[in-house]
Enquirer: 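First the structure, which I've put down as structure tokens, then a few questions once you've had a look.
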Amino acid sequence: MNLREHGRMALRMMLLIREFEQRLKGFADEKLIRGSTHPSVGMEAVAVGVSMALGPNDCIASNHRGHAHCLARGADPGRTLAEIFGRADGYCKGKGGSMHIGVQELGILGTNGIVGAGIGLATGAALAASVSNRNEVAVAYFGDGGSNQGVLAESMNLAAIWKLPVIFVCENNHYAQSSAIERMFAQPQISQRGPAYGVPSVDVDGMDVAAVYDAAEAAVTRARSQGGPTLIVADTYRFLGHMADDTQMYRALVEVDEWRGKCPIDRLANTLTAAGLLSDQERNEMSAEAKREVDDAEHMARQSPVPSAQWAFTDVDTWQAAEGVVA
Amino acid sequence: MNLREHGRMALRMMLLIREFEQRLKGFADEKLIRGSTHPSVGMEAVAVGVSMALGPNDCIASNHRGHAHCLARGADPGRTLAEIFGRADGYCKGKGGSMHIGVQELGILGTNGIVGAGIGLATGAALAASVSNRNEVAVAYFGDGGSNQGVLAESMNLAAIWKLPVIFVCENNHYAQSSAIERMFAQPQISQRGPAYGVPSVDVDGMDVAAVYDAAEAAVTRARSQGGPTLIVADTYRFLGHMADDTQMYRALVEVDEWRGKCPIDRLANTLTAAGLLSDQERNEMSAEAKREVDDAEHMARQSPVPSAQWAFTDVDTWQAAEGVVA
Amino acid sequence: MSVVAAAAVDVSQAAAGSRPVPMWRALNAALRDAMSADASVFVMGEDLTRWGTGGGIYGVTKGLLEQFGAARVRDTPISEEAIVAAAVGAAARGVRPVVEIMYSDFMLLAMDAIVNQAAKARYMFGGQFQIPLVIRTNGGSGIGKAAQHSQSLETLFAHIPGLEVVVPGTPADAYGLMLSAIASPNPTIFLEHKALYNERGVVASEPIPLGRASVVRGGKDVTVIATQLMRKRVLEAAEILAAEQIEIEVVDPRTLYPLDMETIAASVTRTGRVLIAHEAPLLYGFGAELAAQLASRLWRSLKAPPQRLGGARTPIPYAEDLEKRVIPDVAAVVSAVRGLVKS
Amino acid sequence: MSVVAAAAVDVSQAAAGSRPVPMWRALNAALRDAMSADASVFVMGEDLTRWGTGGGIYGVTKGLLEQFGAARVRDTPISEEAIVAAAVGAAARGVRPVVEIMYSDFMLLAMDAIVNQAAKARYMFGGQFQIPLVIRTNGGSGIGKAAQHSQSLETLFAHIPGLEVVVPGTPADAYGLMLSAIASPNPTIFLEHKALYNERGVVASEPIPLGRASVVRGGKDVTVIATQLMRKRVLEAAEILAAEQIEIEVVDPRTLYPLDMETIAASVTRTGRVLIAHEAPLLYGFGAELAAQLASRLWRSLKAPPQRLGGARTPIPYAEDLEKRVIPDVAAVVSAVRGLVKS
Ligand SMILES: Cc1ncc(C[n+]2csc(CCOP(=O)(O)OP(=O)(O)O)c2C)c(N)n1
Ligand SMILES: Cc1ncc(C[n+]2csc(CCOP(=O)(O)OP(=O)(O)O)c2C)c(N)n1
Ligand SMILES: [Mg+2]
Ligand SMILES: [Mg+2]
């Protein structure tokens, strides 16, 4: 990553995501959010670094922890939050919620409630590009937990034999819900799985947005030049609980603190400052701007009406709208 | 393998399997066999080498090409063939057929119609041993094709973290039905997949029963001493078509001939002869004996009655037998 | 640890039946009692031991690790297919796995193991193998979990020969049926309901046999058949209808297979009218089977054709106002019954 | 290669409708015509190009590789989950995959992609995405493929909101419905029947819209509803019954979703009696839905309750004598109709 060129943009986006995600717990407490919602605080560098390497016609398939992926891909924070609130202005008219945010025009094939499912979808998006000779790249985001779904092995093999332009991005944040990687992997270096299927793989410091970008950029280049898939394993951490009401009894507070010390936002900001590319005042302004943006998003989402009751029955398929519940 | 101790037993069993499997096509032509049946001619050394390393309380889960696994495990040829014919004396009363031969008392959890399914079952059998502190080993047999099912990745990971006494035996015969490994793998060395999940792995010449035995023996020792799973990839070949009516247009005859030159039976016999452990006459006698055994099996299977019609409705569960078809 | 100890006390009270306990505790007690009674019973699934205060996402496995140890209480990786397949293999080898699948929607990842392996093994192998497996999971909607965490898939399983399907609606049924499911030599799909984990009820310490419907409320005008969340709604509707002098008899099949048509048909014979209400999509849902059987068996005694209420043919939407629309509510039950009585 | 060339000629004749062709050729012609008409249509699956004489295990993809090239005709590894998931992702990105799953039993490995992803994407995302996906496969029993290659799983799919389910019973229907399935913007489960691939019939070169039942044979006494293999048996039964002066009207729904209840109900209204016959296990099978709807709608005009015939609640056994027992045969249809007429 050329810091002069991309550094501030990366910082701005990470700040936006941080601000957005940090408010979710409050919204959940306020009962503005139903079901489960999974914040990416601490993991911003992965989504941002990867997204900056993508072009407008590329696409992504995300997972349950997907707001960051969407925002980094250019999703409007207001419409994203409105979806999380289940409101009419949400990207999916409030029908999807946090775990089902899809945005057609941005090539977002959805956050996903099924751990691992996005891996196959992204492989298919790459297949579509390949079948129709479009020079597009697809990204699958998944976690360390998701990497234990068999569909990853199947998809890597498929992508490798067909040289599909797909990038498998594993956000290894050391936990799958309450399960530490130490307990769930006998061989914890996830990047060793790629080569076993013929997929070139790379480990990257997921708290360093520049490193993530560089790895993604190399993978995108390979994909666009018919070089096939890449597996990127980003070492990262979530600073907050798995979801709003997580007791976190499965991990030590000191561990969390230690990782907070590696904050990807501070890291980039400090690097930029050291390089003379960012003043303290600019940094504060950027933080304030992120706050304003999320304020606006929040305002919009709060104001957005609940979906029209009739929408419960539309969009299932192209046949007539579903009937109500009475036989 | 100590040739003096085990050589003749191995040879005898391989001859039996060869004789058994070679007759299937004729039976299919005679319409004694319905559906599909998959002979293991050429692959005898794998089943025999592995089985000889197992003890009486161990168990196996097999796949669609499973007669050899059953016979090598000690299944009676007559009852096995009766099952393949769908007769009352078959191990499963004729309800299973070639792809569903299970033998409880021998720890045969079934040949299986679903490619890859036995992998999970064997892992579970090993789990049962582990949970109940029984010093038993479980073997999963599957092909190169089966290794592309995601359940292998999931099972290897599970077995590795729990140190389950399971041995994953991949019979790489270079084809999955009509699909050559060159087209289905970007990284064709299947044994590289094990270490990616923390499963020690070994390549073995699948045409050399002694080598297979040695690898299996080491894996059994590891499993029994709480050392966890092993992946054994045996390089082998099927001399006949995938099933009876296979045109084999996907492979060259010269390739088949070349592999026939590596016949595991000839190889062992020649080794034994060279070591002075087998005379030509003895060899001929052993062949004749295998023929007689299969003659007897054939006789029994042909004579065996068709299953009692009422059996169609029993054994589903412990509730009352299923009713007939009328509502 | 103090949390766990407290749980243990509470749970043994649940089994003793002294006071109402929530459904999750009744289930917890059943697992505990089954594991105490039979060393071959063990549990496995995702996040069973360290989530929340140490007991799976709805608490059902709380305290089991401490009591029974890591060999019998196993957190698994996220690998539904292998988990269930391994459980089938283990069951075939004589132990009794109780697998938790976090949401029933995820069972779709393990359908081969369930349908092609577990359900068929006994038959295919001519009766040689038993598969004494229980898969516990939760289905149903109502709490905003959206399309991939809210399905009611019971009909899929009930249609498959070889599977038992249990759909408990109260803590007592949950406890008693769980004991029977674990004791059963057949593979059992045990579908809890996510919106009922905190419903309270008194629990008896006896197993409840599979295949016995329960007449939950007596009434002479209409039989209403319902399970789980719909059962609850139907009981609410019963109060409203009672105020209008309409007495409904509420029957809960409790298990979809085995299915107790005798009890159901006896009730419908008495009332002459029947409504079947379920949360699963109406079309091709399990209510169709009940309606078809009752129409055929009781043709002459029925005063009106069997009526059904079911979910709309939609995935479950996220927004509360929408989610409410696609599942029959109390008002829908009330008006369906009113319609039936007039017909 | 000469084999393939011959196939190509034969197939174009199939499309032209000049003479009877077997079902597999009709399907082959449909794929060929769809791929010729729309460059975004492609096929993938296991053993599509090099098996047999080069066209999948039942020949349906014969010659496609030669005509359309390797980018659009893809042999896959044995990875059903990823294959179907990838097809869903591809469809969401605007191409039209036609996936072959070798036997419908193997779809149980891909249920997440089918049920949680394909069926729900359009709705969950508020209508933004179409999933113009076809999954072709074969179901049914009758040729000794045993428990894991012979299931009739159509009810499972028909119950899931968001899926179209096609069950063609003749070459003409197979051809015409396949064109519509491929053209449809919705995910379609296209269930062929393994025992019918060599059934012959004349094929018209027109698409047949989904959701239109066909009245296969007219008759005044009883309506018999059946698909695929049961349809064939019912037509045989019709001849036997005709000799006894019992005239049955045979209606084939052809698609289980959308379901053409108008045509079905109209026929039953005319005859006043209905038998629904299917190969899938009777209990909780799709016939229950038809029976329940007809009982409810036509309560007053029915002369007898809707009757059903279905498979036994067993896996499919291997031995021929057993396999025959668990699926309704011609005699069962005849006697059920006789019973109905008397009632
Ligand atoms: C198939 C499936 N299994 C289980 C779950 C429940 N679940 C949701 S998120 C999660 C943990 C995922 O861990 P990981 O993939 O590492 O992502 P992270 O949450 O750490 O970002 C689990 C178990 C699910 N949604 N889908
Ligand atoms: C899940 C599943 N997919 C596909 C098939 C069809 N099928 C049966 S055997 C076979 C090839 C298996 O190849 P491999 O695993 O290498 O074993 P081999 O036949 O070579 O011994 C295929 C595709 C099946 N039975 N099950
Ligand atoms: Mg994680
Ligand atoms: Mg092979």
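Letters A, B, ... are given to chains in the order of the sequence lines, protein chains preceding strands, and every chain is numbered from 1.
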Enquirer: Main chain of Leu283(D), side chain of His159(C): is a donor-acceptor contact present, judged purely on distance under 3.5 Å?
Expert: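 Confirmed, His159(C) side chain pairs with Leu283(D) backbone.
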Enquirer: Between Tyr284(C) and Val165(D), does the side-chain contact (heavy atoms from CB on, under 4.5 Å) criterion hold? Intermediate values first, please.
Expert: CA-CA 12 Å; Tyr284(C) 303 110; Val165(D) 181; over 6 Å; no
Enquirer: Identify which part of Gln293(C) has an atom lying under 4.5 Å from any heavy atom of chain D, answering side chain, backbone, both or neither.
Expert: both
Enquirer: Please find the pair of heavy atoms, one from Ile316(D) and one from Tyr123(C), that lie closest to each other, and give the distance.
Expert: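 Looking at all heavy atoms of both residues, the closest pair is C-CE2, 4.3 Å.
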Enquirer: Give the intermediate values and the outcome of side-chain contact (heavy atoms from CB on, under 4.5 Å) for residues Leu302(C) and Trp299(D).
Expert: CA-CA 11 Å; Leu302(C) 279 171; Trp299(D) 188 247; 3.8 Å; yes
Enquirer: Given 3.5 Å as the limit, does a donor-acceptor pair link the side chain of Asp105(C) with the main chain of Asn116(D), or not?
Expert: no
Enquirer: Identify which part of Ser152(D) has an atom lying under 4.5 Å from any heavy atom of chain C, answering side chain, backbone, both or neither.
Expert: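 For Ser152(D), backbone heavy atoms alone lie under 4.5 Å from chain C.
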Enquirer: Within the side chain of Arg313(D), is there an N or O that forms a donor-acceptor pair under 3.5 Å with the backbone of Ile160(C)?
Expert: yes
Enquirer: How far apart are the C-alpha atoms of Val115(D) and Gln151(C), what are their side-chain angles, what is the distance that settles it, and do they pass the side-chain contact (heavy atoms from CB on, under 4.5 Å) test?
Expert: CA-CA 10 Å; Val115(D) 175; Gln151(C) 290 169 87; 3.4 Å; yes
Enquirer: Side chain, backbone, both or neither: which part of Ala304(D) has an atom under 4.5 Å from a heavy atom of chain C?
Expert: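 For Ala304(D), backbone heavy atoms alone lie under 4.5 Å from chain C.
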Enquirer: Flag the one option from Ala110(D), Pro317(D), Ala280(D) with the top tally of heavy-atom pairs under 4.5 Å to chain C.
Expert: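 Ranked by heavy-atom pairs under 4.5 Å with chain C, first place is Pro317(D).
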Enquirer: Report which part of Leu256(C) has an atom under 4.5 Å of a heavy atom belonging to chain D: side chain, backbone, both, or neither.
Expert: both
Enquirer: Looking only at heavy atoms and a cut-off of under 4.5 Å, which of Glu289(D), Arg300(D), Arg297(D) has the most pairs with chain C?
Expert: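 Looking at each of Glu289(D), Arg300(D), Arg297(D) in turn, Glu289(D) comes out on top.
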Enquirer: Does any heavy atom of chain C fall under 4.5 Å from the side chain of Leu153(D), the backbone, both, or neither of them?
Expert: side chain
Enquirer: What are the two closest non-hydrogen atoms of Leu108(C) and Met111(D), and how far apart are they?
Expert: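 Looking at all heavy atoms of both residues, the shortest contact is O-CB, 3.2 Å.
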Enquirer: Heavy atoms only, distances under 4.5 angstrom: which of Ala291(D), Pro315(D), Ala292(D) has the most pairs with chain C? Name it, please.
Expert: Pro315(D)
